[in-house]
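The residues of the chain are indexed from 1 along the displayed sequence. The analysis underlying the following values was restricted to heavy atoms, covering all of them including side chains, and did not include hydrogens, waters or symmetry mates.
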Amino acid sequence: MTEQTTASVPQTSTVPLSRDEMAQIVAKDIEPGSFVNLGIGQPTNVSNYLTAEQDITLHTENGMLGMGPVATGDAIDEDLINAGKIPVTELPGASYFHHADSFAIMRGGHLDVCVLGAFQVSATGDLANWHTGAPDAIPAVGGAMDLATGAKDVYVMMNLATKDGTAKLVPELTYPVTGVGCVTRVYTEKAVFLITDDGVRVRETFGTTFEELQDVMDVPLLPAAG
């Protein structure tokens, strides 16, 4: 690792990011005017950090366009939920439709970005997020396969490692596959990774260095270009 290469990967935080801080970075990275689906779990928090100036239209697979931030307090309406059964708000102009129409949006290439959680992501962008293969695990694919293959860009939000410290960004998947070659970015508490044609590139790190990341990962890492 040369000094020049090390310097090209900025460490933008002295500590790993919280889930809310990860959500803020994802929200900031979404292009203005995009149509976006936020998956169950960590991705839901992204809605809380989108700005009116971005003009983002959120889609939820249970049949809504124009979803707003997560609902709290008096804003909670138990009949207004996202696909993860979390109470949400609606923005002016929001619309509701049949579940089949919602999946037509997902499958028809009408979503610019989908943000999903994951059990594993491979170095070539393969996604595993519906089943660990464990005998007692309950498979829960939902609409993940449709989102992974239908969205123009798939961003993943996940912890970098499992509870035993094994990296979840891997050379090849060992869990059942959700989508092949679909992931373009991976956001973790330790770094933002870009999945490119020439390898996995690190855009920035949080509470760790590029060298420390490479020491704990089996995937060869490259600095982000430019």
Treating Ile, Leu, Val, Met, Phe, Trp and Tyr as nodes and any side-chain heavy-atom pair under 4.5 angstrom as an edge, say whether Tyr155 and Leu173 lie in one connected cluster. no
Under 4.5 Å between side-chain heavy atoms, counting indirect links through other Ile/Leu/Val/Met/Phe/Trp/Tyr residues: same cluster for Leu127 and Phe119 or not? no
For the hydrophobic clusters of this structure (ILVMFWY residues joined by side-chain heavy atoms under 4.5 Å, transitively), does one cluster hold both Leu221 and Ile195? yes
With rounding to the nearest 0.5 Å, note down the distance linking OH in Tyr175 to NZ in Lys168. 8.5 Å
Answer yes if the side chains of Thr209 and Gln11 hold a donor-acceptor pair under 3.5 Å, and no otherwise. no
Tell me, yes or no, whether the heavy-atom count around Asp74 atom CG, taken from other residues, nucleotides or ligands under 6.0 Å, exceeds 12. no
Measuring from Leu169:CG to Lys190:NZ, what's the distance to the nearest 0.5 Å? 13.0 Å
Any chance CD of Glu212 has more than 12 other-residue heavy atoms, nucleotides or ligands included, within less than 6.0 Å? yes
Taking the side chain as everything from C-beta on, heavy atoms only, tell me whether Asp215 gets closer than 4.5 Å to Leu213. no
Do side-chain atoms of Thr166 reach the backbone of Thr162 as a donor and acceptor pair under 3.5 angstrom? no
Flag the pair Glu61 / Leu147 as yes when at least one side-chain heavy-atom distance between them is below 4.5 Å, and no otherwise. yes
Check for a donor-acceptor pair, side chain of Asn37 on one end and backbone N or O of His59 on the other, with a separation under 3.5 Å. yes
Give a yes or no on whether the backbone of Gly117 and the side-chain of Asn129 come within a donor-acceptor separation of less than 3.5 Å. yes
Any heavy-atom pair between the side chains of Val70 and Thr44 that's under 4.5 Å? yes
Among Lys28, Gln24, Glu21, which one satisfies side-chain contact (heavy atoms from CB on, under 4.5 Å) with Tyr49? Gln24
Hydrophobic clustering (ILVMFWY, side-chain heavy atoms < 4.5 Å, transitive) - are Val219 and Phe193 grouped together? yes
Close side-chain approach of Val88 to Leu80, heavy-atom, < 4.5 Å: yes
I'd like to know if the side chain of Trp130 reaches the main chain of Val177, judged simply by a donor and an acceptor atom lying under 3.5 Å from each other, with no hydrogens or angles considered. yes
Would you kindly say whether Asp20 and Ser18 are connected by a side-chain donor-acceptor distance under 3.5 Å? no
Without hydrogens or angle criteria, can the side chains of Glu172 and Ser122 be said to hold a donor-acceptor pair below 3.5 Å? no
Ile86/Ile81 under side-chain contact (heavy atoms from CB on, under 4.5 Å): CA gap, chis, key distance, verdict: CA-CA 5 Å; Ile86 295 173; Ile81 59 174; over 6 Å; no
Could you check if a side-chain atom of Met67 sits within less than 4.5 angstrom of a side-chain atom of Asn82, using non-hydrogen atoms only? yes
Side chains of Asp29 and Arg185 in contact at under 4.5 Å (non-hydrogen atoms): yes
Do Leu160 and Val115 belong to the same hydrophobic cluster, where Ile, Leu, Val, Met, Phe, Trp and Tyr are linked whenever their side-chain heavy atoms lie under 4.5 Å apart, directly or via other members? no
